[in-house]
Amino acid sequence: MTLLSAEGLNKSFGGVVAARDVSFALTAGEMLAIIGPNGAGKSTTFNMVGGQLRPDSGRVTLAGQDITGMPPREVCRLGVGRTFQVAQTFLSMTVVGNVQMALIAHAGRTRDVVADAERLFRAEALALLDRVGMADAADRPIGELAYGDVKRVELAIALAAAPRLLLMDEPTAGMAPRERASLMRLTAGIAREEGIGVLFTEHDMDAVFAHADRILVLVRGEIIAAGAPEEVRANEQVQRVYLGTTGVKAALRARRAHG
C-alpha cells in the first residue's frame with residue numbers, strides 16, 4: 001500500500017526551475033533515497049513533502065490524504081517525523097530530557113512542562129533511547145555527547161511522535177564513516193520492523209547504496225533515473241552526470257559489504 005505519493009511537483013524561484021514534474025511513491029517500511037549533485041532540487045523536493053515549501057503545482061498525499069502545502073506542524077500531527085542535517089536538540093538538557101520534551105509536545109501537554117517536565121513520559125523516553133542504543137547516556141547533558149550519539153538521540157526524538165513516515169535530511173552529515181554505517185543500519189532496521197516509510201537525502205553513496213530500497217536521482221530539478229540500487233548504479237546517464245568513477249566504486253563497495 002502506498003504511504004506517500006508525490007505527483008507532478010513543480011517549483012520555481014524567480015526564473016530558476018528547482019523541481020520539474022517530480023513524481024514518486026513510497027510504501028510503509030521502505031527506504032527511498034533522493035540523490036543528485038548540488039542544486040539538483042533534492043532539498044526543494046524534500047521540503048515540498050514536509051510542508052516547508054508549497055509547490056507551484058502538483059500534489060502530495062499521505063496515506064491517501066492530500067497534504068499539499070500543509071504547514072509542517074500539521075504534517076507532523078498526521079504522523080510525519082523529521083531529522084535535520086544539523087541535529088536539532090536542546091544542548092543544555094539531558095539526553096532523556098530531550099526525548100521527554102518531544103513526547104510532551106506530541107501529547108499536547110506543554111502546559112505541564114514547568115511543574116512536571118522531569119517526571120512526564122520518562123519511562124517512554126527511556127524505552128526510545130534503548131531502541132537507538134542510548135539508554136546508558138540518558139542522564140548525561142546532551143552537549144557532552146559525541147556527534148554520532150547526538151544523531152542517535154535525534155532519531156529517538158523523531159520516533160517520539162510515533163511516525164508512519166520519517167523524513168531524514170542528510171542523516172549522516174558530519175559523522176565518521178563507521179558512525180554513518182551504524183546509524184543507517186539502525187534506521188533501516190527500525191523502519192522495517194515498525195513499518196515506517198523513510199524518505200532521505202544523502203551525499204554518502206556508501207550509505208545510499210547499502211541501505212536504500214530504491215533511489216531517485218535528480219539533476220537540474222528533473223528525475224533522470226529511479227529504481228533499485230542495482231538499476232541506478234548501472235544507469236549510464238547517472239554515471240556520467242553524477243556518480244562518476246568514485247560513485248560507482250562506492251556502490252560496488254556497498255554491494256560487497258552487504259552481500
Side-chain angles (χ1 to χ4, degrees), residues 4-27 30-60 68 80 82-86 165-175 177 180-181 183-184 187-188 191 197-255:
L4 175 71
S5 176
E7 304 170 33
L9 297 181
N10 292 282
K11 185 68 180 179
S12 296
F13 299 97
V16 178
V17 177
R20 187 194 304 274
D21 195 27
V22 174
S23 299
F24 60 88
L26 173 68
T27 60
E30 184 181 29
M31 300 269 289
L32 175 61
I34 301 179
I35 67 172
N38 291 335
K42 302 185 300 295
S43 294
T44 298
T45 299
F46 201 74
N47 288 330
M48 285 191 287
V49 172
Q52 285 78 19
L53 288 174
R54 177 183 288 274
D56 297 332
S57 60
R59 189 166 74 130
V60 180
T68 312
V80 179
R82 180 162 184 174
T83 67
F84 297 84
Q85 185 172 349
V86 178
L165 171 66
L166 183 59
L167 305 177
M168 303 184 77
D169 186 8
E170 298 284 351
T172 70
M175 300 175 69
R180 295 174 192 167
L183 179 68
M184 294 308 295
T187 302
V198 178
L199 179 68
F200 68 104
T201 62
E202 184 57 68
H203 278 103
D204 182 344
M205 292 299 99
D206 285 325
V208 169
F209 282 92
H211 299 289
D213 296 301
R214 288 187 300 117
I215 301 170
L216 192 72
V217 186
L218 291 177
V219 174
R220 300 188 188 91
E222 297 187 69
I223 298 172
I224 66 165
E230 285 293 310
E231 296 175 76
V232 171
R233 181 180 65 83
N235 186 291
E236 292 184 3
Q237 186 181 10
V238 174
Q239 292 181 19
R240 185 173 63 254
V241 303
Y242 181 51
L243 288 181
T245 303
T246 301
V248 171
K249 287 180 178 177
L252 290 170
R253 283 198 306 272
R255 182 187 179 189

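From a predicted model like this one, the values you see are computed outputs, not experimental measurements.
- D169 has its side chain within reach of R82: a pair of non-hydrogen atoms, C-beta onward, lies under 4.5 Å apart.
- Here the straight-line distance linking atom CZ of R180 with atom CG of D204 works out to 4.5 Å at 0.5 Å rounding.
- In this structure, the separation between CE on M48 and CG on D56 is 8.0 Å, given to the nearest 0.5 Å.
- Put simply, CG on L4 and CG on L167 are 7.5 Å apart, with the number rounded to the nearest 0.5 Å.
- In this structure, the separation between CE on M31 and CD on E202 is 10.0 Å, given to the nearest 0.5 Å.
- Annotation: the span from R214 atom CZ to E231 atom CD amounts to 10.0 Å, rounded to 0.5 Å.
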Verdict with reasoning, V208 to V232, per side-chain contact (heavy atoms from CB on, under 4.5 Å): CA-CA 11 Å; V208 169; V232 171; over 6 Å; no
Check the pair F24, T45 against side-chain contact (heavy atoms from CB on, under 4.5 Å), reporting the backbone distance first and the verdict last. CA-CA 11 Å; F24 60 88; T45 299; 3.8 Å; yes
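- The two residues L32 and A25 come nearest to each other via the heavy atoms CD2-O, 4.0 Å.
- In this structure, the separation between OG1 on T201 and CG on L216 is 11.5 Å, given to the nearest 0.5 Å.
- Heavy-atom minimum distance, R20 versus N10: CA-OD1, 3.3 Å.
- Using a 4.5 Å heavy-atom threshold, the side chains of T187 and M168 count as touching.
- Closest non-hydrogen pair, V60 versus L9, comes out as CG2-CD2, 3.8 Å.
- Residue A212 comes nearest to F200 through the heavy atom pair CB-CZ, 4.1 Å, listed as atom of the first residue, atom of the second, then distance.
- Taking every heavy atom of both residues into account, E170 and H203 meet most closely at OE2-ND1, 2.6 Å.
- The minimum heavy-atom distance linking G221 with V22 is given by the pair O-CG2, 3.6 Å.
- A 4.5 Å side-chain heavy-atom check between T68 and P55 finds at least one atom pair inside the cut-off.
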Using the side-chain contact (heavy atoms from CB on, under 4.5 Å) rule, take R233 and I215 through it: C-alpha gap first, then chi angles, then the decisive distance, then the call. CA-CA 10 Å; R233 181 180 65 83; I215 301 170; over 6 Å; no
